[in-house]
Amino acid sequence: MPFNKFQLADPLLANIKRLKYEIPTPIQTAAIPVVMQGRDVIGLAQTGTGKTAAFMLPILNKLMTGSRNLRALVVCPTREWADQIYANAQEYGRGTGIHATTIYGGVGLRPQVEALRRGVHLVVACPGRLLDHIEAKSAILNQVEYVVLDEADRMLDIGFLPDLQRILSYLPKQRTTLLFSATFSPEIKRLAGSY
Ligand code: AMP
């Protein structure tokens with residue numbers, strides 16, 4: 001199934017073409033239509049399978065219309081991975097007018113606070129620093145429509161479960177939850193089941 005069957009907006013299809021993606025990967029074929037419908041997804045996929053586009057394209061498609069509020073949140077385990085997801089969002093979202101930023105520790109708070117204050121549609125965050133911003137009220141999550149827990153198994157391995165539970169408690173109940181994990185352990189099943 002080529003990408004143009006997914007009913008993605010033209011700028012997104014143009015970006016896919018520019019990146020020379022011709023055929024959706026299996027996780028993209030499986031997940032994109034379901035996320036487009038606003039349904040929750042548990043995706044079993046490792047890095048390298050195209051999972052980032054699988055969740056990012058339908059989210060960007062939705063963010064293209066509507067207000068410049070924090071409406072999509074991607075939570076992932078490491079700074080490096082947050083930068084990678086953000087870079088992908090920039091590529092997939094070129095020309096859409098969507099604003100995104102990263103939130104993680106080990107770098108200054110102020111540029112992050114300023115980016116949040118200017119207004120972003122999408123935040124790619126690591127749990128600890130995101131909680132700092134939530135507590136300081138610089139990140140307001142009550143407009144979030146999509147939350148992605150990416151590399152959920154790694155986040156549990158690192159011990160982020162309590163942080164994730166707290167972050168999720170700040171989100172509207174009415175939202176789409178997407179969970180991506182390389183493994184489907186009992187812990188992941190429990191996390192997915194509880195949301
Ligand atoms: P990811 O698993 O999201 O990190 O993606 C792995 C790599 O595959 C990245 O370099 C993407 O740019 C690339 N990619 C994602 N989807 C496709 C596709 N449908 N066709 C070709 N390359 C892709």
Side-chain angles (χ1 to χ4, degrees), residues 1-64 71-104 106 120-127 129-130 144-158 160 164 167 176-185 188 191-192:
M1 185 158 110
F3 280 98
N4 56 21
K5 292 277 170 65
F6 287 133
Q7 299 183 322
L8 293 163
D10 287 342
L12 299 175
L13 291 174
N15 289 332
I16 291 164
K17 200 167 172 194
R18 178 175 50 77
L19 293 167
K20 301 194 163 52
Y21 296 1
E22 283 169 7
I23 302 163
T25 67
I27 187 75
Q28 290 165 0
T29 301
I32 291 174
V34 183
V35 184
M36 296 280 283
Q37 290 169 19
R39 290 166 62 196
D40 293 347
V41 165
I42 300 169
L44 289 187
Q46 291 174 333
T47 299
T49 56
K51 71 180 158 77
T52 314
F55 63 77
M56 196 56 82
L57 289 169
I59 289 176
L60 294 173
N61 192 69
K62 183 76 191 301
L63 296 179
M64 281 178 69
R71 293 165 52 205
L73 174 65
V74 181
V75 188
C76 72
T78 66
R79 284 189 253 178
E80 293 72 22
W81 190 235
D83 281 334
Q84 191 62 50
I85 296 170
Y86 173 79
N88 282 332
Q90 296 293 98
E91 289 295 332
Y92 300 145
R94 201 184 282 189
T96 60
I98 291 168
H99 293 80
T101 196
T102 51
I103 297 285
Y104 48 64
V120 287
H121 298 86
L122 170 74
V123 162
V124 183
C126 299
R129 179 61 70 87
L130 176 60
V144 171
E145 298 165 31
Y146 290 90
V147 62
V148 183
L149 305 179
D150 195 23
E151 309 216 322
D153 47 351
R154 283 186 63 201
M155 291 201 281
L156 295 192
D157 289 346
I158 295 169
F160 279 142
L164 290 178
I167 291 164
T176 298
T177 306
L178 311 175
L179 181 147
F180 287 85
S181 179
T183 59
F184 202 41
S185 63
I188 290 290
L191 175 66

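If you read the sequence from its start, that first residue is 1, and numbering goes on from there. All values reported here derive from a predicted model rather than from experimental measurement. Remember, it's 1-based here, ligands and their atoms both numbered in the order they're listed. These values consider heavy atoms only, across backbone and side chains, with no hydrogens, waters or symmetry-generated copies.
Of the protein's non-hydrogen atoms, the one nearest atom 16 (N) of ligand 1 is Gln28 NE2, 2.8 Å. For atom 12 (O) of ligand 1, the closest non-hydrogen atom on the protein side is Tyr21 OH, 2.3 Å. Nearest to atom 6 (C) of ligand 1 among the protein's heavy atoms is Gly48 CA, 3.6 Å. For atom 19 (N) of ligand 1, the nearest non-hydrogen atom of the protein is Ile23 O, 2.9 Å.
On a distance-only criterion, Pro24 and ligand 1 share no N/O pair closer than 3.5 Å. For the pair Ala53 and ligand 1, the shortest N or O to N or O distance does not fall below 3.5 Å. The N/O atoms of Gln46, backbone and side chain alike, include none that comes under 3.5 Å of an N/O atom in ligand 1. Polar contact check, Thr49 against ligand 1: a nitrogen or oxygen pair lies under 3.5 Å apart. Below 3.5 Å of separation, one finds an N or O of Thr52 facing an N or O of ligand 1. Every N/O-N/O distance between Phe3 and ligand 1 stays at or above 3.5 Å.
At least one heavy atom of Trp81 lies less than 4.0 angstrom from ligand 1.
Here CG of Asp157 is found 8.0 Å from OG of Ser185. Values are rounded to the nearest 0.5 Å. Note that the OG1 atom of Thr25 and the CD1 atom of Ile32 stand 7.5 Å from one another [nearest 0.5 Å]. To the nearest 0.5 angstrom, Leu60 atom CG is 9.5 Å from Leu8 atom CG.
Note on ring orientation: taking the six-membered ring where Trp is involved, the planes of His121 and His99 are parallel (angle under 30°, cut-offs 30° and 60°).
Considering only heavy atoms from C-beta on, Leu130 stays 4.5 Å or farther from Tyr104 through its side chain. The shortest distance between side-chain heavy atoms of Val75 and Asp150 does not fall below 4.5 Å. For the pair Phe6 and Pro24, the minimum side-chain heavy-atom distance is below 4.5 Å.
At a heavy-atom cutoff of 4.0 Å, ligand 1 is contacted by no atom of Lys20, backbone or side chain.
Between Arg18 and Glu91 there is a salt bridge, since at least one side-chain N of the basic residue sits less than 4.0 Å from a carboxylate O of the acidic one.
Per-atom contact check: atom 10 (O) of ligand 1 does not touch the protein, criterion being a heavy-atom distance below 4.0 Å.
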Requested in this report: Could you go through the side chain to side chain contact (heavy atoms under 4.5 Å, CB included) check for Thr177 and Tyr146 one step at a time?
Outcome: CA-CA 6 Å; Thr177 306; Tyr146 290 90; over 6 Å; no
